[in-house]
Amino acid sequence: MRKISDDLWETDPEYPMPGLSTHAYLWQAPSGNVLFYNTTYEHELDHMADLGGVARHYLSHQDEIAPSLRAIKQRFGSTLHVSAAEADLVRETATVDEAFERRHAVADGLEVIPTPGHTPGSACFVVRSPGGTTYLFTGDSIFRSAEGHWTAGYIEGMSHRDTLTASLTDIASLTPDVVLSSAFAGDSGVTELGDRAWSDCVAEALRQLTPEPSTG
């Protein structure tokens, strides 16, 4: 695992398809470590054990379903939290402890935000770290392209354009310091925004979801 900040760790990359990488992230929350997304690497579970294990595990969408969900629960006794829209899919692999439907805040400054559109059960997560940094975990709903452009996670035949547009519009008002996607192209799924407003990043992604005007 690679240390991102004082309370955040990134797993080794996995490559679900050419040109695309994924990571999971372990946040060392005050009341117990929280894992976002998923990893299939057993050696990363050893690293998590060294860091105190996993208390809660949140999936951003159905692409993160894998047998490792069971392994994580069995090893750490963690609870698994997923969108109600995709809970039945997850239950085919692992026991679900919470199937959430609405935006809500939970312990330690964590907020769960359903953001359907990329898939029906996509969700984002905001962490307001005690250290003062605000992290936004976007799953595959929005990410940076290999060229560095913010991109909406719209896949023809799978995603729903209008729903994704509404979801991204909803999270545009957030004020994260660091954004961490699940899948990404390029060098890293971690982006420190610096002086750039998150609303500008979302606007860049939304422009690609607007159909080009007809010239005929």
Side-chain angles (χ1 to χ4, degrees), residues 22-27 29-39 54-70 72-74 76-129 134-143 151-176 179-183 189 198-199 201-202 205-206 209:
T22 65
H23 294 283
Y25 295 91
L26 186 74
W27 173 46
S31 65
N33 293 345
V34 180
L35 180 64
F36 296 101
Y37 314 147
N38 195 18
T39 179
V54 178
R56 290 171 282 160
H57 188 182
Y58 285 86
L59 300 189
S60 73
H61 68 299
Q62 60 190 8
D63 290 352
E64 293 155 9
I65 300 171
S68 54
L69 297 179
R70 291 194 304 271
I72 292 166
K73 285 181 69 70
Q74 290 168 0
F76 301 116
S78 53
T79 55
L80 181 59
H81 306 257
V82 304
S83 168
E86 294 176 357
D88 285 345
L89 290 174
V90 179
R91 289 187 182 105
E92 295 176 8
T93 300
T95 301
V96 172
D97 297 282
E98 181 197 15
F100 54 80
E101 298 183 82
R102 297 178 178 83
R103 182 171 179 167
H104 63 285
V106 293
D108 299 324
L110 169 62
E111 184 177 8
V112 176
I113 308 176
T115 50
H118 172 67
T119 66
S122 290
C124 295
F125 310 101
V126 177
V127 166
R128 296 174 178 88
S129 170
T134 297
Y135 306 113
L136 172 60
F137 298 86
T138 61
D140 287 0
S141 294
I142 181 172
F143 55 91
T151 303
Y154 177 79
I155 299 177
E156 189 69 40
M158 182 185 80
S159 305
H160 191 280
R161 186 185 302 272
D162 291 344
T163 304
L164 181 56
T165 297
S167 291
L168 294 184
T169 300
D170 183 45
I171 65 170
S173 61
L174 299 173
T175 56
V179 180
L180 307 100
S181 62
S182 175
W198 173 239
S199 57
C201 302
V202 175
L206 285 173
L209 287 176

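Take Asp63 and apply the side-chain contact (heavy atoms from CB on, under 4.5 Å) test, not counting sequence neighbours, and it matches His61, His118, Asp140. Under the side-chain hydrogen bond (donor to acceptor under 3.5 Å, both in side chains) criterion, Ser68 pairs with Asn38, not counting sequence neighbours. Partners of Glu101 by salt bridge (Lys or Arg N to Asp or Glu O under 4.0 Å), not counting sequence neighbours: none found. By the side-chain hydrogen bond (donor to acceptor under 3.5 Å, both in side chains) test, Glu156 pairs with Tyr154, sequence neighbours left out. Remark: Arg70 pairs with no residue by the salt bridge (Lys or Arg N to Asp or Glu O under 4.0 Å) rule, at least two apart or across chains. Residues satisfying the side-chain hydrogen bond (donor to acceptor under 3.5 Å, both in side chains) criterion with Ser159, sequence neighbours excluded, are absent altogether. In this structure Ser83 satisfies the side-chain hydrogen bond (donor to acceptor under 3.5 Å, both in side chains) test with no other residue, sequence neighbours excluded. Partners of Ala105 by side-chain contact (heavy atoms from CB on, under 4.5 Å), not counting sequence neighbours: none found. Applying the side-chain contact (heavy atoms from CB on, under 4.5 Å) rule to Pro30 yields the partners Trp27, Asp108, Pro130; only residues at least two apart in sequence or on another chain are considered. Contacts of Thr175 classified as side-chain contact (heavy atoms from CB on, under 4.5 Å), with partners at least two apart in sequence or in another chain: none.
With contacts defined as side-chain heavy-atom distances shorter than 4.5 Å, the pair Leu26/Val54 qualifies. You'll find the side chain of Leu59 stays beyond 4.5 Å of the side chain of Glu86, heavy atoms only. No side-chain heavy atom of Phe36 sits less than 4.5 Å from a side-chain heavy atom of Ser60. No side-chain heavy atom of Thr79 sits under 4.5 Å from any side-chain heavy atom of Glu98. Here the side chains of Pro114 and Arg102 are not in contact, with every heavy-atom distance at 4.5 Å or above.
Considering every non-hydrogen atom in both Ala107 and Arg56, the closest pair reads O-NH1, 3.9 Å. In terms of heavy atoms, Val34 sits closest to Ala29 at CG2-CB, 4.1 Å. Contact record, Ala24 with Leu35: CB-CD1, 4.0 Å, taken as the closest heavy-atom pair. Pairing each heavy atom of Tyr37 with each of Gly139, the nearest pair is OH-N, 2.9 Å. A pairwise comparison of heavy atoms in Trp198 and Ala172 identifies CD1-O, 3.8 Å as the closest pair.
Taking OG1 from Thr134 and CD from Glu111, the interatomic distance works out to 10.5 Å, rounded to the nearest 0.5 Å. Here Phe137 contributes atom CZ and Leu110 contributes atom CG; the two are 9.0 Å apart, rounded to the nearest 0.5 Å. A distance of 9.5 Å separates CG of Leu136 from OG of Ser141, quoted to the nearest 0.5 Å. Note: Leu69 CG to Arg91 CZ = 13.0 Å, rounded to the nearest 0.5 Å. To the nearest 0.5 Å, atom NE2 of residue His23 and atom CG of residue Leu180 are 10.0 Å apart. To the nearest 0.5 Å, the span separating OH on Tyr25 from OG on Ser182 amounts to 8.0 Å.
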Exercise for review: Verify side-chain contact (heavy atoms from CB on, under 4.5 Å) between Leu209 and Leu168, making sure each step is shown before the conclusion.
Suggested key: CA-CA 11 Å; Leu209 287 176; Leu168 294 184; 4.2 Å; yes
ask   = Yes or no on side-chain contact (heavy atoms from CB on, under 4.5 Å) for Asp170 and Arg103, after CA distance, side-chain angles and deciding distance?
value = CA-CA 11 Å; Asp170 183 45; Arg103 182 171 179 167; 3.7 Å; yes
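A ring pair (Phe, Tyr, Trp, His ring centres under 6.0 Å) check over residues 76-108, counting only residues at least two apart or in different chains, returns the pairs Tyr58-His81.
When Val179, Leu174, Thr115 are each tested for a side chain to side chain contact (heavy atoms under 4.5 Å, CB included) with Thr138, only one passes: Val179.
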